[in-house]
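Residue indices begin at 1 and follow the sequence shown.
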Amino acid sequence: MRTKKQPRLPEGWTFDEIEQLRKHYDQQTEEEAAAEDEAAYRKQDETLMSIPKSLVPQVKKLLNAHSRKGKGKPQKQRRVA
């Protein structure tokens, strides 16, 4: 009998954290989602940009390397649709 292969988690994440994140977005109203998006645009020390999908792996590596320099641990990536 074949055993089911466990999914690979992003570095530093646990199943509980992923479940909490899923619940947060599943229970979020459209108004709350819009407010969260608008708050992200108002951050003074960050920027949002559009990049080609083919560059996403390289950008993730750069962001993780940058966060390791300052905090010692990669930051958790948040997917924004």
Side-chain angles (χ1 to χ4, degrees):
M1 178 166 30
R2 295 174 77 176
T3 59
K4 198 172 194 180
K5 187 177 180 181
Q6 289 288 340
R8 199 176 112 203
L9 299 177
E11 186 177 327
W13 283 79
T14 66
F15 281 108
D16 288 338
E17 291 171 319
I18 292 170
E19 182 63 14
Q20 289 174 3
L21 186 64
R22 183 195 64 78
K23 284 180 182 179
H24 169 78
Y25 287 106
D26 282 351
Q27 296 171 358
Q28 195 174 49
T29 66
E30 286 186 32
E31 292 81 14
E32 291 168 334
E36 187 176 63
D37 291 345
E38 289 172 14
Y41 284 107
R42 288 192 298 270
K43 288 187 175 183
Q44 298 296 316
D45 61 340
E46 295 182 12
T47 190
L48 300 173
M49 64 175 46
S50 176
I51 60 168
K53 287 182 180 181
S54 62
L55 294 178
V56 169
Q58 291 96 326
V59 171
K60 283 183 175 182
K61 285 180 185 178
L62 287 170
L63 292 171
N64 281 331
H66 177 74
S67 67
R68 278 193 297 273
K69 285 181 186 177
K71 298 181 183 169
K73 182 179 175 185
Q75 292 182 341
K76 294 177 184 170
Q77 301 294 317
R78 186 176 79 107
R79 183 177 178 163
V80 178

Checklist entry - Backbone N or O of R42 within a donor-acceptor pair of the Q44 side chain at under 3.5 Å? => result yes
Problem - More than 12 heavy atoms from other groups under 6.0 Å of CD on E19 - result: yes
- Item | Joint cluster assignment, V56 & M49, ILVMFWY side-chain distance < 4.5 Å | yes
Taken in chain and number order and not counting sequence neighbours, the residues that satisfy salt bridge (Lys or Arg N to Asp or Glu O under 4.0 Å) with D16 are none
In short, E17 meets G12 closest at the heavy-atom pair OE1-O, 3.5 Å
Hey, any chance I51 and L62 share a hydrophobic cluster, counting ILVMFWY side chains that come within less than 4.5 Å of each other, even indirectly? no
Value for NZ (K23) from CD1 (I18), rounded to nearest 0.5 Å, stands at 13.5 Å
(request) Count the heavy atoms belonging to other residues, nucleotides or ligands that lie under 6.0 Å from CZ of F15, then report whether that count exceeds 12. (result) yes
Note: E36 and H24 closest approach over all heavy atoms is OE2-NE2, 3.4 Å
